[in-house]
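One structure below.
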Protein chains: 2
Amino acid sequence: MDVKTLCLGLLSLNEACGYELKRNFESRFKHFFAAGYGSIYPALANLAAAGLVNCREVPQDGRPARKVYEITEAGRAHFQNALGKTPPIHKLRSDFLVAMYFADQIDENKLQLLLDKQISEFHGATVHIERFAQPQSTSISAGAQFVAGFGKTVAQAAASYIEKNRHILECRPAAKLTENHDQIYESTTNEERL
Amino acid sequence: MDVKTLCLGLLSLNEACGYELKRNFESRFKHFFAAGYGSIYPALANLAAAGLVNCREVPQDGRPARKVYEITEAGRAHFQNALGKTPPIHKLRSDFLVAMYFADQIDENKLQLLLDKQISEFHGATVHIERFAQPQSTSISAGAQFVAGFGKTVAQAAASYIEKNRHILECRPAAKLTENHDQIYESTTNEERL
DNA sequence: TTGATCATGTAATGTGTTACATGATTCA
DNA sequence: TGAATCATGTAACACATTACATGATCAA
């Protein structure tokens, strides 16, 4: 699934201009699909060229004209087809977990900062999701509700896990950092001890 | 954090050849950092050219010689520096959640298949992590333990969430699919109803 | 007067994915 | 006989990130 397809999906719900789509990515998809102008605008041009959306310009004063994109029937069919075909990849890439894996090579203060920061980011994500998916606000779709709940649940589980288990990393056995090479070498020659 | 840096990190724990690194990515990092040969081999060549690792060839019969890479002191310093600097980005990209967001445009049987598949993938991930991070096996590092626990916790939370909330998506209000265009258009002209 | 919001986009760069290419050995 | 494992890599392609470029309005 690429940005192009997701733009088409958003346009299947409502016509919009690039700027609005960007805001939707930031509010509704922030926790599981990122996209910037650099991929959204080319995607829209591409969709228009393929006849999957129509574009109509709405002049404004003081600003560039809005280019409002509306999905075509071909676009709608294309999107539903793409939804059915795509293998549902769910992929995490986490520099945070990489850093934690190598926690014993990180300075102790730095490590605590990283942990604190990550916890507050998960809390922030929870708050963000709550703000954009309040059930009482303008009748939210079932899909949006499900996805928001998923994001909240996972973020809370993650934050809670870190809070409860950070001690594993923090009480370390006489940490050896860059200064003392000999001991590091000796302690890592062991096979299969990754 | 790129594949190059992570390779360097693995080599900071043990010397290894590209093939072994790939296996490590698949076993230990599978749930939060993917990499294939197409990025690992070039990364190793790059690291060697930069003097961050040394390479020694070990001939074998019947197979190409193993190229065993060993980290240098410069490499070790470089890695610890990278660990300290990198902002700890934790990023999810999920086609599965995209599909769920648009669940009402998916055929009902297909939807259930997707949900079932995703649940079993989370279960599979849990099993996978357990296999590679048994505390009783060869003294696992604190970092590895923490990361494995994180992966397990999150995967279980995710699977459990889907099981408990799939009904939100499945009991749908008289689903309209591609066949009936008029009604779809009428029901989505509403502003802000993403 | 500073920064945020609205609104468009391009260009260079970086990075990863996928498919291809080779080939012996071992296990079922 | 066929598939998996070990072991190396390259090349084409797709894709996204980042920085750049422009510029008016409005609220603090």
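Reminder, nothing fancy here: chain letters follow the sequence lines and each chain counts from 1. Please read these numbers as outputs of a predicted model, since none were measured by experiment. These numbers come from the heavy atoms of this one structure, side chains and all, not from hydrogens, waters or symmetry mates.
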* To do: Verify whether the ring centers belonging to Phe29(B) and Tyr101(A) lie closer than 6.0 Å.
  => yes
* OP1 or OP2 of dC6(D) under 4.0 Å from side-chain N/O of Lys22(B) -> no
* Structure fact -> When Pro64(A) and Tyr41(B) are each assigned the nearest nucleotide of DNA chain D, the 5'-most assignment goes to Tyr41(B)
* Are Phe122(A) and His90(B) near enough that their ring centres are under 6.0 Å apart? -> yes
* Rounded to whole angstroms, how far apart are CG on Asp61(A) and C1' on dT8(C)? -> 16 Å
* To do: Measure from the ring center of Phe102(B) to the ring center of Phe79(A) and say whether it is less than 6.0 Å.
  => yes
* Structure fact -> Glu57(A) atom CD is separated from dC6(C) atom P, nearest whole Å, by 20 Å
* To do: Could you pick out which residue, Val3(A) or Arg66(B), lies toward the 5' side of DNA chain D when each is mapped onto its nearest nucleotide?
  => Arg66(B)
* To do: Indicate, with a heavy-atom threshold strictly under 4.0 Å, whether Arg63(A) touches base, sugar-phosphate, or nothing.
  => base
* To do: Return no unless some side-chain N or O of Tyr19(B) is found under 4.0 Å from OP1 or OP2 of dC6(D).
  => yes
* Structure fact -> Here the distance between atom P of dT15(C) and atom CZ of Arg93(B), to the nearest Å, is 17 Å
* Looking for any heavy atom pair under 4.0 Å, which part of the strands does Ala45(A) touch: base, sugar-phosphate only, or nothing? -> nothing
* What is the nucleic acid contact for Lys91(B), judged by heavy atoms within less than 4.0 Å: base, sugar-phosphate only, or nothing? -> sugar-phosphate
* Asked: Do NZ/NE/NH1/NH2 and the carboxylate oxygens of Asp2(A) and Arg93(B) come within less than 4.0 Å?
  -> no
